[in-house]
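Scroll down for the structure; my scribbles are underneath it.
Computed over heavy atoms, backbone and side chain alike; hydrogens, waters and symmetry mates excluded. By convention in this document, chain letters (A, B, ...) are assigned in the order of the sequence lines, proteins followed by strands, and residues within each chain are numbered from 1. Note that this is a predicted model, so its numbers are computed, not measured.
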There are 2 protein chains.
Amino acid sequence: MPDDPPAPDDIFSAFFLEVGILAQLSRALFSLRLPPGISVSQFTVLNHLVRVGDGGTPLQLARAFQVPKTSMTHSLTVLERHGLIRLAPNPLDGRSKFTFITAEGRAFLQASRAALAPDIRAMGDLFPASRLAGVLPTLTELRRILDAMRDDPSPDQT
Amino acid sequence: MPDDPPAPDDIFSAFFLEVGILAQLSRALFSLRLPPGISVSQFTVLNHLVRVGDGGTPLQLARAFQVPKTSMTHSLTVLERHGLIRLAPNPLDGRSKFTFITAEGRAFLQASRAALAPDIRAMGDLFPASRLAGVLPTLTELRRILDAMRDDPSPDQT
DNA sequence: ACTATCTAGTGCGAAACCGCACCAAATGCA
DNA sequence: TGCATTTGGTGCGGTTTCGCACTAGATAGT
């Protein structure tokens, strides 16, 4: 290797490339474990509803996952069709809705987590979770920055 | 169970969640800078052809990006329709093809990189690339492991 | 050589994703 | 109050993604 200049562009692109493949790969692995008809996105939303708490609006969910609201509408529609969530009208705002997990939804999430557990454990055997914990803050921080760049429509101009 | 100290499961899920959002976010930002009609995937393939070198087969590309070969077929079709790549038959193997970038492809890639540069620079201002460089090896290593788990159909039969 | 098996690529159909345009409800303003 | 603007959500259409099944070409075993 004759050259090793610290070109920051290359670092960023290498990083995003790695992140992209990682996301893709984990997504593929996970979806293999989920029952057919449920996608990783759907699972993720369900997971979020339990972790953070339900009763929020679809738009809040869309923002939390940084997806267009039409995509979230779709995901929620599928989840509701499967009886895993329930959409209730917002009595305070006629345009809005509330999102609740159903008992089936909780059970389903539980089962899915169980189905995923062996893989997680296998990963943990090959790769210590503590090392991941080490990089997590960095990822989170960068995510916040990207987030901000997104809200802020200013790429560059003085 | 009031106890939740270092649960490795949580670390992994938090990590994958962060990676997923990061991928999503960067993808969204990038696609904003690309000319309409070209998606991030297409750009990524083009980028790969220049970095690693062209002349490979579609299947090799599919494996490099860890996507199903049908997805790669689609991407390549689009790229060819735009005249950014050229698919040539493999004289040694009638089933196979070779993938080459065209001059337009190179020019397009050049222009896209230029369009992306300001954003990268903006990121670099807010977040030192050196910190990314620090986490990169960890990501790469985990990627390799996921890769191996994928090829190996053994999750850990219960 | 001859057949069985395997492999590269594609057609097809279904699902996911998402921009655009729209509606209805809420808010702001005068 | 009346009207313009903003906001939450959805219908629609186009693109991407990907599993399944198939074809044509290559390889292996006998």
Is there a ring-ring contact (aromatic ring centres under 6.0 Å, His included) between B:F108 and B:F43? Walk through the geometry before answering. CA-CA 9 Å; B:F108 174 86; B:F43 168 81; 7.5 Å; no

Do [X] side-chain atoms and [Y] backbone N/O form a donor-acceptor pair below 3.5 Å?
X: B:S75; Y: B:Q42; result: no
X: B:H74; Y: B:T70; result: no
X: A:T102; Y: A:G83; result: yes

For the residue pair A:N90 and A:R95, confirm or rule out a side-chain donor-acceptor distance under 3.5 Å. no

Is the shortest heavy-atom distance from the side chain of A:L136 to the side chain of A:E141 under 4.5 Å? no

How about A:T57 and A:K97: do any of their side-chain heavy atoms sit closer than 4.5 Å? no

From the 5' end of DNA chain C to its 3' end, which nucleotides mark the outer limits of contact with chain B, defined by a 4.0 Å heavy-atom distance cut-off (strictly under)? C:dT7 to C:dC18

Minimum heavy-atom separation for [X] to [Y], with atom names?
X: A:D10; Y: B:R51; value: OD1-NH2, 3.7 Å
X: A:T99; Y: A:L49; value: CG2-CD1, 4.0 Å
X: B:M123; Y: B:L29; value: CE-CD1, 4.5 Å

Axis-to-axis angle across the helix from C:dA1-D:dT30 to C:dA30-D:dT1, five pairs each end, nearest 10 degrees, ~ 30°

CG of B:L92 versus C1' of D:dG25: gap in Å, rounded? 13 Å

Rounded to the Å, how far apart are A:N90 CG and D:dG8 P? 11 Å

If the sugar-phosphate is the primed atoms plus P, OP1 and OP2 and the base is the rest, what is the B/S/- string for nucleotides 12-24 of chain D, using protein heavy atoms under 4.0 Å? ----SBBBB---B

